[in-house]
Amino acid sequence: MKVLNFFLLILLFSLTFYTTHKIKREILTERECKDEYGKEGFKFKLKNLEGKEVPLENQKRSAVILIFFATWCGPCKMELEILKEEEALLYNYNVKLFLISSESKEIVRNFMEKNGFNFEVLLDEKGEVFKEYNANRIPKTVILDEKGTIIFSKVGKMDTVYDITSKLPYRFVVPNQERKIYKEVDKILDSIPCDCSCGKSLLNCDCKDCRLKKEREYIRFYGARLMDKEKFKKEQVAQIIKWKYIENYKEKR
């Protein structure tokens with residue numbers, strides 16, 4: 001009798017686990033999937049939470065960002081919170097952002113409403129798109145160019161929107177005038193030494209613990225506004241950025 005009860009308990013636990021996490025994904029620390037770069041992305045048609053079918057092929061004129069996630073995944077939720085706070089920075093780029101979940105519509109809808117997330121979610125309840133994009137570990141971010149080619153792929157949560165926008169080619173900055181301004185801002189950032197010990201510029205520093213790495217997209221956005229809206233010259237922008245983000249920090253410290 002005890003043996004029977006034990007097996008019934010195991011069966012009940014297994015059924016509950018399967019129902020709650022239909023296709024459970026393994027959470028992994030940050031890792032770029034460079035072997036996927038240059039490959040053609042899998043073309044799919046998935047329905048969003050409103051039941052409208054969204055085909056990937058219709059996004060030809062823009063870059064497409066796919067973020068594979070699950071409602072039970074802690075790092076996924078942290079990444080979405082960051083995207084929620086910094087979403088405005090994506091408006092400078094001609095991109096489409098889609099979240100993809102393999103869970104049911106009800107579970108995902110409740111999760112999105114509870115957390116105040118307004119991103120478009122595509123439902124992959126059969127797990128086919130997850131499989132095609134090797135998203136067995138989440139969160140996973142994949143960026144496709146206008147031709148549907150994978151130009152970036154990474155497992156692990158993003159710490160800032162810059163982790164995404166820094167991978168986008170300049171042709172996705174809109175409009176053309178904005179593209180020119182960002183090129184000039186990047187030249188400015190490349191002329192300013194970072195306050196890390198690596199010796200690289202503010203633009204190219206990739207030190208894991210660099211305090212300015214997470215702020216780089218904000219700095220680019222701020223520099224572009226100074227040049228575009230305030231009509232500051234490059235030399236002035238360089239001085240302002242140096243004072244605001246480096247010298248002022250040293251004085252406070």
Side-chain angles (χ1 to χ4, degrees), residues 30 61-67 78-99 116-120 139 141-146 151-152 154 156-196 198 200-252:
E30 182 177 320
R61 294 184 179 180
S62 62
V64 176
I65 302 169
L66 306 177
I67 297 180
M78 292 169 65
E79 180 172 339
L80 296 185
E81 290 286 358
I82 292 168
L83 284 173
K84 179 182 174 182
E85 293 176 7
E86 303 179 359
E87 186 181 9
L89 296 174
L90 286 175
Y91 296 160
N92 293 306
Y93 296 85
N94 187 20
V95 298
K96 299 285 186 180
L97 172 65
F98 298 109
L99 309 185
F117 297 140
N118 296 313
F119 310 110
E120 184 162 18
T141 301
V142 178
I143 302 178
L144 307 170
D145 66 12
E146 72 275 21
I151 58 176
F152 179 71
K154 173 186 171 182
K157 78 176 181 66
M158 297 289 182
D159 295 318
T160 172
V161 169
Y162 181 76
D163 288 347
I164 294 174
T165 57
S166 63
K167 311 302 178 186
L168 293 167
Y170 278 113
R171 64 181 179 275
F172 295 119
V173 179
V174 290
N176 287 336
Q177 178 61 27
E178 194 90 359
R179 186 186 309 175
K180 292 177 182 178
I181 291 172
Y182 271 85
K183 283 185 177 181
E184 293 303 313
V185 172
D186 278 356
K187 289 179 182 178
I188 293 170
L189 298 186
D190 197 31
S191 69
I192 301 174
C194 189
D195 65 353
C196 280
C198 64
K200 294 183 179 179
S201 68
L202 191 57
L203 177 68
N204 295 312
C205 177
D206 55 2
C207 297
K208 186 176 181 180
D209 299 323
C210 176
R211 67 177 183 87
L212 291 174
K213 182 180 178 181
K214 294 180 180 180
E215 294 188 62
R216 190 155 28 189
E217 182 61 17
Y218 286 111
I219 297 172
R220 291 179 80 238
F221 183 76
Y222 177 63
R225 296 287 72 75
L226 288 176
M227 293 185 70
D228 185 34
K229 304 297 182 184
E230 305 297 333
K231 305 303 179 184
F232 282 107
K233 295 181 179 179
K234 289 192 292 184
E235 297 78 11
Q236 294 173 308
V237 174
Q239 287 300 321
I240 292 171
I241 290 175
K242 282 180 184 178
W243 179 84
K244 183 177 178 66
Y245 291 98
I246 297 179
E247 293 172 8
N248 188 45
Y249 175 80
K250 290 179 180 178
E251 288 178 12
K252 290 181 178 180

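Please read these numbers as outputs of a predicted model, since none were measured by experiment.
The existence of a salt bridge linking Asp206 and Lys213 is excluded, since no basic side-chain nitrogen approaches an acidic carboxylate oxygen closer than 4.0 Å. With salt bridges taken as basic N to acidic carboxylate O contacts below 4.0 Å, one links Glu146 and Arg171.
Here the side chain of Asp228 pairs no donor or acceptor atom with the backbone of Ala224 at under 3.5 angstrom. Formation of a donor-acceptor pair under 3.5 Å by the Arg179 side chain with backbone atoms of Val174 is not found in this model. Of the possible polar contacts, none joining the Glu230 side chain to the Met227 backbone as a donor-acceptor pair under 3.5 Å is found. Between the side chain of Arg216 and the main chain of Leu203, a donor-acceptor pair closer than 3.5 Å is present.
To the nearest 0.5 Å, the span separating CG on Asn204 from SG on Cys198 amounts to 9.5 Å. Separation of atoms OH (Tyr162) and NZ (Lys167) is listed at 7.5 Å; rounding is to 0.5 Å. Here Leu90 contributes atom CG and Phe119 contributes atom CZ; the two are 8.5 Å apart, rounded to the nearest 0.5 Å. Separating the CG atom in Asn248 from the CD1 atom in Ile240 is a distance of 13.0 Å, to the nearest 0.5 Å. Here the CG atom belonging to Leu99 is positioned 9.0 Å from the CZ atom belonging to Phe117, to the nearest 0.5 angstrom. To the nearest 0.5 angstrom, Asp195 atom CG is 8.0 Å from Cys205 atom SG.
The two residues Arg211 and Glu215 come nearest to each other via the heavy atoms O-OE2, 3.8 Å. Across all their heavy atoms, Ser62 and Asn94 have their closest contact at CB-O, 3.2 Å. Across every non-hydrogen atom of Asp159 and Lys157, the tightest pair is OD1-NZ, 2.7 Å. What you find for Cys194 and Leu212 is that their closest heavy atoms are SG-CD1, 4.3 Å. Scanning all heavy atoms of the two residues, the minimum distance from Leu189 to Ser201 falls at O-CB, 3.7 Å.
For Phe152, there are no ring-ring contact (aromatic ring centres under 6.0 Å, His included) partners, not counting sequence neighbours. Taking Lys229 as the reference, Arg225 meet the side chain to side chain contact (heavy atoms under 4.5 Å, CB included) condition, with sequence neighbours excluded.
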What pairs of donor and acceptor atoms, side-chain ones from residues 79-88 against any protein atom, are under 3.5 angstrom apart with sequence neighbours left out?
{"residue": "Glu79", "atom": "OE1", "partner": "Met158", "partner atom": "N", "Å": "3.2"}
{"residue": "Glu79", "atom": "OE2", "partner": "Thr141", "partner atom": "OG1", "Å": "3.4"}
{"residue": "Glu81", "atom": "OE2", "partner": "Lys77", "partner atom": "NZ", "Å": "3.4"}
{"residue": "Lys84", "atom": "NZ", "partner": "Asn115", "partner atom": "O", "Å": "3.0"}
{"residue": "Glu86", "atom": "OE1", "partner": "Thr160", "partner atom": "OG1", "Å": "3.0"}
{"residue": "Glu86", "atom": "OE1", "partner": "Val161", "partner atom": "N", "Å": "2.7"}
{"residue": "Glu86", "atom": "OE2", "partner": "Tyr218", "partner atom": "OH", "Å": "3.2"}

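Using a 4.5 Å heavy-atom cutoff, the side chains of Leu168 and Val95 are in contact. In this structure the side chain of Leu97 never reaches within 4.5 angstrom of the side chain of Glu120, judged on heavy atoms. Contact check for Ile192 versus Tyr245: no side-chain heavy atoms found under the 4.5 Å cut-off. The shortest distance between side-chain heavy atoms of Thr165 and Leu89 does not fall below 4.5 Å. Residues Glu184 and Val237 have side chains not in contact (no heavy-atom distance under 4.5 Å, counting atoms from C-beta outward).
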Side chain to side chain contact (heavy atoms under 4.5 Å, CB included) between Asp186 and Ile188, worked out: CA-CA 5 Å; Asp186 278 356; Ile188 293 170; over 6 Å; no
Test log, rule side chain to side chain contact (heavy atoms under 4.5 Å, CB included), inputs Ile241 and Leu202: CA-CA 10 Å; Ile241 290 175; Leu202 191 57; 4.0 Å; yes
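Of the N and O atoms on the side chains of Asn92 and Tyr182, at least one donor lies less than 3.5 Å from an acceptor on the other residue.
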